[in-house]
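Per chain, numbering begins at 1; letters A, B, ... match sequence-line order. Note that these values count all heavy atoms, side chains included, but never hydrogens, waters or copies made by symmetry.
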2 protein chains.
Amino acid sequence: MQKRTLETRARLIAVATALVAENGYGALRTDEVVKRAGVAKGTFFSHFKDKDALMDLLIGAGIDAHLDQLAKAPPPETVEELVALQAPLLHFMTQERYVFDVILRLSGAAAVAEIGAIATTFGRYLDLTVHWFESGKYRSDISAELQADGMQAFVTQAMALHFCALHEDQSMEARLTVYLRAWLCPGS
Amino acid sequence: MQKRTLETRARLIAVATALVAENGYGALRTDEVVKRAGVAKGTFFSHFKDKDALMDLLIGAGIDAHLDQLAKAPPPETVEELVALQAPLLHFMTQERYVFDVILRLSGAAAVAEIGAIATTFGRYLDLTVHWFESGKYRSDISAELQADGMQAFVTQAMALHFCALHEDQSMEARLTVYLRAWLCPGS
DNA sequence: TCCAATAATTGACTGCGGTCATTTAATTGA
DNA sequence: TCAATTAAATGACCGCAGTCAATTATTGGA
């Protein structure tokens, strides 16, 4: 790999980041990226398999930054803390419908070989939350892994309903709190 | 609305249905639909807002047919029955990655005014399953609505992981069974 | 230093979804 | 029956992601 490659790639990412900051993720056009970066269309696609691959990087970095915060904090001891701690991440992932769609599409890699940034962050997310449940503060009848897995299902559901006109009565946090209480503290 | 309108619309849907039968949902091209139907490109888009709107109809009809089966069956009394009963629907929704993506995108309407076929079926699905839980065979500490809502979250999670290379060890049914046991029969 | 061999870049081109001013057909009222 | 009005259909055109044969830059060996 040549130095030139890294420079071009870095420029493409820098330009894309700037454009996202200006107009959001959904408004990003590859044409605009290559124009500002001063390269040809084809160059973009020799650096990124497709537009999703670039989005994977950009959004993945955003998720990772939020996970850094989660990793710093002490394990949440109540459902309320659990929700409050994750709220910034949820808001990041639902800032635009387009962002949420990309995340859903890329959070599970179709092939082991093509695990991208977002899929990696989801693995990290799971590891992190498994750790929270290993303390045994929540359910003891099922494994920490299953508790974490289930939480992810409810987080996804809460985010999806956020974009649903029929469910605008409740906030994402309120909905998630109800879900997690039922999931993590059954019978109480 | 003229008779001609209904005929054209019916022909477009018939052609699309046939093309899907031949090559699957993801391979459908609007150009091919209009060519076979003998109409112009613009005609297609005066009948359907976009390609998704046609897919909404076709896939929504498929889901509805499966729900008809669910509605006929007696309420499942165990988690195993619950999973077995829903299995055909899950396989329909995951027959193609493209189909699953469309369903995720359209299962929640962005505005009340634009509730489509798939969003409607999801409402029906929820009503149907709420009914199952109203018998009180599962959890009594939370409402039937919440039980149904949670099941939908786990069903979605199980389907999503079906497309994930890292989770190919388990079948969708097996994964869902584990989830639902933990969700519907905690502590046992 | 020069010459392959390889890596990176180019931009015209394609595929496909979606638009819109214009044309054609159906409907209604006099 | 014949305008006038409204509804439907048309197809050239656009936006934008993604491709690929041709070109240019880099590198490593003689």
Strictly by modelled atom types, are Y138(B) and E77(B) linked by a side-chain donor-acceptor pair under 3.5 Å?
-> no
Across all strands shown, which nucleotide pairs with dA30(C) by Watson-Crick or G-U wobble geometry, both distances under 3.5 Å?
-> dT1(D)
Whole-Å distance between dG17(C) P and K49(B) NZ?
-> 14 Å
Between CG of L54(B) and C1' of dG18(C) the distance, given in whole Å, is 14 Å
Any idea which of dC16(C), dT9(C), dG11(C) is nearest the A40(A) side chain?
-> dG11(C)
Take atom CG of D31(B) and atom P of dT10(D), then tell me their distance rounded to the nearest Å.
-> 14 Å
Scan T43(B) against the nucleic acid and name what it touches under 4.0 Å (heavy atoms): base, sugar-phosphate only, or nothing.
-> base
F44(B) atom CZ is separated from dG18(C) atom P, nearest whole Å, by 8 Å
5′-ward residue of the pair R4(B)/K51(A) relative to DNA chain D = R4(B)
Using whole Å, report how far CG of D52(B) lies from C1' of dC16(C).
-> 14 Å
Ignoring backbone atoms, test whether T8(A) places a side-chain nitrogen or oxygen under 4.0 Å from the OP1 or OP2 oxygen of dA8(C).
-> no
Between CG of D50(B) and P of dC16(D) the distance, given in whole Å, is 16 Å
Rounded to the nearest angstrom, tell me the gap between atom NZ in K35(B) and atom P in dG15(C).
-> 13 Å
What's the spacing between L176(B) CG and L161(B) CG if we round to 0.5 Å?
-> 11.0 Å
Side-chain atoms of F45(B) come closest, of dT27(D), dG17(C), dG18(D), to dG17(C)
Nucleotide dC16(C), atom C1' - distance to OH of Y98(B) in whole Å | 12 Å
Please determine if E22(A) and R36(A) form a salt bridge, counting it only when a charged side-chain N lies under 4.0 Å from a carboxylate O.
-> yes
Would you say S46(A) reaches dA8(C)'s phosphate, i.e. side-chain N/O to OP1/OP2 under 4.0 Å?
-> no
Considering heavy-atom distances to DNA chain C, does K3(B) or K41(B) have its closest nucleotide positioned more toward the 5' end?
-> K41(B)
Is the phosphate of dA9(D), meaning OP1 or OP2, less than 4.0 Å from a side-chain N or O of H47(B)?
-> yes
dC16(D) OP1/OP2 closer than 4.0 Å to side-chain N/O of T30(A) = no
With ring centroids as reference points, do Y179(B) and W183(A) lie under 6.0 angstrom apart?
-> no
Contact class for L28(A) vs. all strands (heavy atom < 4.0 Å): base, sugar-phosphate, or nothing?
-> sugar-phosphate
In terms of side-chain heavy atoms, does E173(A) have a donor or acceptor partner in H91(A) at a distance below 3.5 Å?
-> yes
